[in-house]
Amino acid sequence: MKFYFPDSQDQVSPTFNFVTEEHSPYRVRQRDDKYAHEILQPLPYDGLLVSKAIVDGSVKGAGKYSMPQRERLYRLGVSRYFRLPANIVTLGDCGAFNYVDEEIPPYTIDEVLDFYERCGFNAGISVDHVIFGYDSKVSEDEANPAWKKRREISLQYAADFYEAVERRGNKIEPVGAAQGWSPASYADSVRRLQDMGYKRIALGGMVPLKTADILACLKEIDQLRLAVTELHLLGITRVASMEEFALHGVTSFDSTSPFRQAFMDDRNNYHTQAAAYIAIRVPQVDGNPALKRRVLAGEVSQAKAKSAERECMKRLRAYDQGSETVDRVIEILGEYEQVVEPETKKSKVPAYRVTLEDQAWKSCKCTICAEHGIEIAIFRGSERNKRRGFHNLSVFATKMHHIKHPLGQEN
């Protein structure tokens, strides 16, 4: 089972100073900053997925790459640009969620293949159109016309994509995108893609589905899936079910979930093999929009807020070094929470106590926690938050490596 991490230009600066909250004045972005695979051992993923929409933009606007970054990617190719070790494979796709509101995908087959070829991907997914809707009981005749149209668009693009790859004599591995709204429609898409010649198929549009629905689709696909056909799950992270997915031909998947939970989840920010902890919120007074508005409105003393912020960081670091008590840390965190979020419905301070008392970062074997300690458990700025996301990827990778294959071996 291979885990692909979708790229979104997420890096951290190795020269960032956690005490002064400053970067080196000589830092050059991208060149000096590091990706997760450059600072974590063992490697946190088996492959990297890069979307054309992220690089080149789409109908929704510009992508996340600056013009110099984009040109450098095309010039160096994906492996050299990301400084990938030889055992990390690459997968390209179109980023269908970026054009979901369009009648048809905004890219031509040649544009997509040009992107895949110039970047030198190992494999590339055909152009598809996401179907928003799922009903296991709806037949082809009864289905929403928009669902049927999007499935047919995806299949036609897949046929043209496979033919273009063959015509160009490209070494890229073609991956057919299958869309559907039910087990039967997904299975039919897989059947038709196999007839076109695809040996690897990506199942799209399944992110909102319950695990039981995904399994129902996989079981239906089993009825006609060829022995040589491998399945990829787009955007799916269900660790508890991955072993069962593998029984039904799933050999790879991609997701940003472990990374994004570090700073997008309200509670489960710092992951371990056995649990998930809340990260300790110590927002910067000058970097918190809500707090800045309260300061400008005269509701909060800026001097008092900054003093509480500094005291939080001081006590947290002292606690990590064994020279401060958990009760005194909790006391100042509670005071600062009242300054930052005076009307919060439910205080996070009790959850902070669990995080602090367990001190999971001290037993973590990842290179990030070993170097930075408690800083990774503090919710404060992108440098800490992204590092915590990278840590979560390392935990996730370890879990994946212990998933049993159908034949009984571990990854």
### Task
Show the numbers, then the answer: is there a side chain to side chain contact (heavy atoms under 4.5 Å, CB included) between L203 and I221?
CA-CA 11 Å; L203 305 179; I221 291 169; 3.9 Å; yes

### Message
Quick check: do L356 and L316 have side-chain heavy atoms less than 4.5 Å from each other?
### Response
yes

### Task
Can you see which heavy atom on V339 is nearest to which on A305, and at what distance?
CG1-CB, 4.0 Å

### Query
Quick one: salt bridge (charged side-chain N to carboxylate O under 4.0 Å, His left out) partners of E244, sequence neighbours excluded?
none

### Query
Between CG of D32 and NZ of K34, what distance do you get to the nearest 0.5 Å?
7.5 Å

### Query
Is atom CZ of R27 surrounded by more than 12 heavy atoms (other residues, nucleotides or ligands) closer than 6.0 Å?
yes

### Task
Using the salt bridge (Lys or Arg N to Asp or Glu O under 4.0 Å) rule, take D320 and R317 through it: C-alpha gap first, then chi angles, then the decisive distance, then the call.
CA-CA 5 Å; D320 194 33; R317 287 169 179 147; over 6 Å; no

### Query
For the side chain of E371 and the backbone of I368, is there at least one donor-acceptor N/O pair under 3.5 Å apart?
no

### Query
Any ion pair linking D188 and R191 (charged N to carboxylate O, less than 4.0 Å)?
yes

### Message
Could you check whether any side-chain N or O of E38 sits under 3.5 Å from a backbone N or O of Y35, counting only pairs where one atom can act as donor and the other as acceptor?
### Response
yes

### Query
Within the distance-only criterion (no hydrogens, no angle test), does the side chain of W181 pair as donor or acceptor with the backbone N or O of V138 below 3.5 angstrom?
yes

### Task
For H232 and S252, run side chain to side chain donor-acceptor pair (under 3.5 Å): C-alpha distance rounded to whole Å, both residues' side-chain angles, the deciding distance at 0.1 Å, then the answer.
CA-CA 5 Å; H232 177 97; S252 60; 2.7 Å; yes

### Task
Take atom CZ of R80 as the centre, draw a 6.0 Å sphere, and report whether it contains more than 12 heavy atoms from other residues, nucleotides or ligands.
no

### Query
Does the ring centre of H391 sit less than 6.0 Å away from the ring centre of Y270?
yes

### Task
Examine F5 together with F259 and report whether their ring centres are nearer than 6.0 Å.
yes

#### Entry: Donor-acceptor under 3.5 Å (R200 side chain, E173 main chain)
no

### Query
Between the side chains of E220 and Y186, is a donor N or O closer than 3.5 angstrom to an acceptor N or O?
no

### Query
Under the 3.5 angstrom rule, does the side chain of N392 hit a backbone N or O of P258 as a donor-acceptor pair?
yes

### Heavy-atom check, side chain of S126 versus side chain of Y162, under 4.5 Å
no

#### Entry: Salt-bridge present (K210, D213; N to O < 4.0 Å)
no

### Main-chain N/O of T90 paired to N122 side chain as donor or acceptor, under 3.5 Å
yes

### ring-ring contact (aromatic ring centres under 6.0 Å, His included): pairs with one or both residues in residues 328-374, sequence neighbours excluded
F18-H372

### Validation row, ring centre Y4 to ring centre F253 under 6.0 Å
no

### Message
Quick test of your reading of the model: are E337 and K348 salt-bridged, counting only N-O distances below 4.0 Å?
### Response
no

### Query
Would you call K52-D56 a salt bridge at under 4.0 Å N-O?
yes

### Main-chain N/O of C94 paired with S51 side-chain donor or acceptor, under 3.5 Å
no

### Query
Going by heavy atoms in the side chains, are R353 and L333 under 4.5 Å from each other?
no

### Query
With a cut-off of under 6.0 Å to the ring centre and 45° to the axis, is R118 in cation-pi contact with Y74?
yes

### Query
Got a sec, which residues hit salt bridge (charged side-chain N to carboxylate O under 4.0 Å, His left out) with E21, two or more places apart in sequence or on another chain?
R380, R384

### Query
Is E375 paired with R387 through a side-chain N to carboxylate O contact shorter than 4.0 Å?
no

### Task
Please identify each residue that fulfils salt bridge (charged side-chain N to carboxylate O under 4.0 Å, His left out) with E299, with sequence neighbours left out.
R294

### Query
Heavy-atom distance under 4.5 Å between the side chains of T229 and L226, does that happen here?
yes

### Message
With a 6.0 Å cut-off on the ring centroids, do F82 and H37 count as close?
### Response
no

### Query
In terms of heavy-atom contacts, does NZ of K362 have more than 12 from other residues, nucleotides or ligands at under 6.0 Å?
yes

### Query
Any chance the side chains of R151 and S189 put a donor and an acceptor closer than 3.5 Å?
yes

### Query
Side chains of S257 and S255: donor-acceptor distance under 3.5 Å anywhere?
no

### Query
Are H129 and Q179 linked by a side-chain donor-acceptor pair shorter than 3.5 Å?
no

### Query
Side-chain contact, heavy-atom cut-off 4.5 Å: F121 with V50?
yes

### Test item: side-chain donor near acceptor, R238 and T211, under 3.5 Å
yes

### Summary
Residue pairs meeting side-chain hydrogen bond (donor to acceptor under 3.5 Å, both in side chains), one or both in residues 281-290, sequence neighbours left out, come to N269-R281, D286-K306

#### Entry: Nearest-0.5 Å distance, CG of residue L296 to CG of residue L291
9.5 Å

### Query
So, are E230 and K199 salt-bridged, with charged N and O less than 4.0 Å apart?
no

### Task
First locate atom CD1 of I374, then atom CD1 of I280, and finally report the distance between them rounded to the nearest 0.5 Å.
5.0 Å

### Query
Does D110 have any side chain to side chain donor-acceptor pair (under 3.5 Å) partners at least two apart in sequence or in another chain, and if so, which?
R168

### Query
What's the spacing between I104 CD1 and Y99 OH if we round to 0.5 Å?
10.5 Å

#### Entry: Under 3.5 Å side-chain donor-acceptor pair for Q41 and T367
no

### Task
Could you tell me whether a side-chain N or O of D265 sits under 3.5 Å from a main-chain N or O of R267, the two making a donor and an acceptor?
yes

### Task
Decide yes or no on side chain to side chain contact (heavy atoms under 4.5 Å, CB included) for I153 and E103, but give the supporting numbers first.
CA-CA 10 Å; I153 287 174; E103 285 293 317; over 6 Å; no

### Query
Between D7 and K64, is the closest basic N to carboxylate O distance under 4.0 Å?
no

### Query
Okay, side chain of T355, backbone of A279: is any donor-acceptor separation there less than 3.5 Å?
no

### Task
Any chance you could lay out the side chain to side chain donor-acceptor pair (under 3.5 Å) test for E383 and H23, step after step, and finish with the verdict?
CA-CA 10 Å; E383 288 291 343; H23 291 92; 2.9 Å; yes

### Task
Would you mind reporting whether L40 and C366 have side-chain heavy atoms less than 4.5 Å apart?
yes

### Task
Side-chain contact test, heavy atoms from C-beta onward, threshold under 4.5 Å: evaluate it for F161 versus P174 and give yes or no.
yes

### Task
Starting at CD of E71, measure out to CG of L76 and round the result to the nearest 0.5 Å.
11.5 Å

### Message
Rounded at 0.5 Å granularity, tell me how far OG in S394 sits from NZ in K365.
### Response
11.5 Å

### Query
Side chains of V329 and E324: closer than 4.5 Å at any heavy-atom pair?
yes

### Message
Tell me whether D128 contacts the main-chain N or O of S154 through its side chain, where contact means a donor paired with an acceptor under 3.5 Å.
### Response
no

### salt_bridge(D10, K386) N-O dist < 4.0 Å
yes

